[in-house]
Q: 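I'd like to ask you about the structure that follows.
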Amino acid sequence: MVKWYQTTSQQDDIVVSTRVRLARNIKSLPFKNKITKQQQIELNDKVRHALEQANLGENAFDFIYLEQLNDLEQLALVEKHLVSHNFIEDPTNKMVAITKDNSISIMVNEEDHIRIQVLQSGLDLQHAFDTCNKIDDLLDEQLEYAFDERLGYLTFCPTNLGTGLRASVMLHLPALEQSRIIPQLISTVSKLGLTIRGTYGEGTKAIGSTYQLSNQVTLGLSEQTAIENLENVIMQIIDSEKATRKEVLKNNIEVIDEICRSYGILKNAMLMSSNEFYELVSNVRLGISENIIKDVKISALNELLNLIGTASICVNNNKAYSPKERDYHRAKLIKEMLM
């Protein structure tokens, strides 16, 4: 089964990935601060039963109970953006359903009872929303959501009230970052009801010039309008990044040298920390996008991003490595993928 990050999509020279998430709660159950352990178990069973009716062919759901995973296996799910950091803080009675291509994941008993998430490569907001909507309808047929005619979907956190929709894209913006335009961009998009965060969302830093842009307003507008507003702003940011790249790279031998050196280190290093990888791969992604590096595909870098995390390296090799061992196996994997 081909994973979602192994595919290519439009604008993937700048947009790394698209994510759409819907927060839902069940009418007959109390919110997370009042729900009992028995009710959480019953919720897991109901969601699992409903999803087992979904006809996804070979791309069926696997059901994972966090309490059955060790700490590294739980953290590997976070590194692949399949669950949130909050979700693994207390694994008690938590379940996640994940399709075999990793494009759909559904957290049960997170901050809200159900969080449906769809991931796509590149810029693909409408397709991700349509897929999310189908799963939402499937669950709605068998589980009665908490819904108010005036307010919309009721959520644990008031900031999700209304549509419960969070749509976001992961943007690679090295030229805007180098030109120190990001602070101005953050201020501008906030006036449009959007927000820019770090690579792993709220409270995290941008790694390798990768930023997460998402909608902030969920009340008073439809899901479709929120998707269209976000896409319009993304297209403007893409145009701005492309224009700035031309200026940054114009007769700038130092920047081109840095791109080529980064590629050389990635292909030849014997040890590689995750932080060093993120910085180097940012330069290489820019080099591929600007046709400076021609023998590597963007999809190979996207796949590496999902494999080289500290926990993922250990889980994929079924061994709890020391930091130096992790750096060795990370460097080995990178060389194999870039050959």
Q: Are any non-hydrogen side-chain atoms of Val118 and Gln120 less than 4.5 angstrom apart?
A: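 Yes, side chains in contact.
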
Q: For the residue pair Ala50 and Leu138, what are the closest heavy atoms and their distance?
A: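 So the minimum-distance heavy-atom pair works out to O-CD2, 3.9 Å.
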
Q: Taking all non-hydrogen atoms of both residues into account, name the closest pair between Ala175 and Thr244 and its distance.
A: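 Between these two residues, the closest heavy atoms are O-CG2, 3.6 Å.
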
Q: So if you build clusters from Ile, Leu, Val, Met, Phe, Trp, Tyr with side-chain heavy-atom gaps below 4.5 Å, do Val296 and Met272 land together?
A: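 Yes; tracing contacts between hydrophobic side chains, which count when under 4.5 Å, links both residues.
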
Q: State whether a side-chain donor-acceptor pair under 3.5 Å links Gln39 with Thr36.
A: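 The criterion, which ignores hydrogens and geometry beyond distance, is satisfied for Thr36 and Gln39.
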
Q: Backbone N or O of Asn283 within a donor-acceptor pair of the Glu258 side chain at under 3.5 Å?
A: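 No.
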
Q: Measure the NZ-OG distance between Lys80 and Ser105 for me, rounded to the nearest 0.5 Å.
A: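 Going from the NZ atom of Lys80 to the OG atom of Ser105 covers 12.5 Å.
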
Q: Going by distance alone, is a donor N or O of one side chain under 3.5 Å from an acceptor N or O of the other, for Thr92 and Asp90?
A: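 Short answer, yes.
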
Q: Could you pull out the closest heavy-atom pair between Leu307 and Ser312, with the gap in Å?
A: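 Answer, listing the atom of Leu307 first, then Ser312: O-CB, 3.7 Å.
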
Q: Would a 4.5 Å heavy-atom cut-off, applied to side chains only, mark Ile104 and Gln117 as touching?
A: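 Result no, sub-4.5 Å side-chain heavy-atom pair not found.
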
Q: Any side-chain heavy atom of Thr18 within less than 4.5 Å of one from Leu119?
A: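 No; the side chains remain at least 4.5 Å from each other.
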
Q: Would a 4.5 Å heavy-atom cut-off, applied to side chains only, mark Ile98 and Phe61 as touching?
A: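 Answer no - side chains too far apart.
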
Q: Is the closest side-chain donor-acceptor distance between Asp130 and Gln126 under 3.5 Å?
A: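 Present: a donor and an acceptor within the cut-off.
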
Q: Are any side-chain N or O atoms of Asn25 and backbone N or O atoms of Ala146, one a donor and one an acceptor, separated by less than 3.5 Å?
A: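 Checked: no pair found.
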
Q: To the nearest 0.5 Å, how far apart are CG in Leu305 and OH in Tyr278?
A: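 One finds 6.5 Å between CG of Leu305 and OH of Tyr278.
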
Q: I want to check something: taking the side chain as every heavy atom from C-beta on, are Ile41 and Asp45 in contact at a cut-off of under 4.5 Å?
A: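 Yes - at least one pair of side-chain heavy atoms lies under 4.5 Å apart.
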
Q: Does the distance from a Lys or Arg side-chain N to an Asp or Glu carboxylate O, for Asp327 and Arg330, drop under 4.0 Å?
A: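 Looking at Arg330 together with Asp327, the answer is yes, because their closest N to O distance falls below 4.0 Å.
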
Q: For the residue pair Arg166 / Asn215, report whether a side-chain donor-acceptor contact shorter than 3.5 Å exists.
A: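 Judged by distance alone, the side chains do not pair up.
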
Q: Looking only at the side chains, is there a donor atom on one of Arg326 and Asn317 sitting less than 3.5 Å from an acceptor on the other?
A: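 Distance-only check fails for Arg326 and Asn317.
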
Q: Are the charged groups of Lys46 and Glu42 less than 4.0 angstrom apart, N to O?
A: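 No, Lys46 and Glu42 are not salt-bridged.
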
Q: Which heavy atom of Arg21 sits nearest a heavy atom of Asn160, and at what distance?
A: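 That would be NH2-OD1, 3.4 Å.
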
Q: So, using side-chain contact (heavy atoms from CB on, under 4.5 Å) as the criterion, who are the partners of Asn318 when residues are at least two apart?
A: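 By the side-chain contact (heavy atoms from CB on, under 4.5 Å) rule, Asn318 matches no residue at all.
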
Q: Would you say CG of Asn55 has more than 12 non-hydrogen atoms from neighbouring residues, nucleotides or ligands within 6.0 angstrom?
A: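 Not more than 12 within 6.0 Å, no.
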
Q: Which is it for Glu110 and Ser84 under the side chain to side chain donor-acceptor pair (under 3.5 Å) test, yes or no, and what are the steps along the way?
A: CA-CA 9 Å; Glu110 212 257 15; Ser84 64; 2.5 Å; yes

Q: Specify the closest pair of heavy atoms between Pro174 and Arg245, including all atoms of both residues, with the distance to one decimal.
A: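 Minimum heavy-atom contact is CD-NH2, 3.8 Å.
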
Q: Give me the atom names and distance for the closest heavy-atom approach of Leu165 to Phe129.
A: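 Looking at all heavy atoms of both residues, the closest pair is CD1-CD1, 4.3 Å.
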
Q: Tell me, please, which residues at least two apart from Glu111 pass salt bridge (Lys or Arg N to Asp or Glu O under 4.0 Å).
A: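 Expected list: Arg115.
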
Q: Does either side chain, that of Asn109 or that of Asn93, offer a donor lying less than 3.5 Å from an acceptor on the other one?
A: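 Asn109 vs Asn93: no donor-acceptor pair found between side chains.
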
Q: Do the side chains of Val233 and Val189 get nearer than 4.5 Å, heavy atoms only?
A: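 The answer is yes, as the side chains (C-beta and beyond) meet within the 4.5 Å cut-off.
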
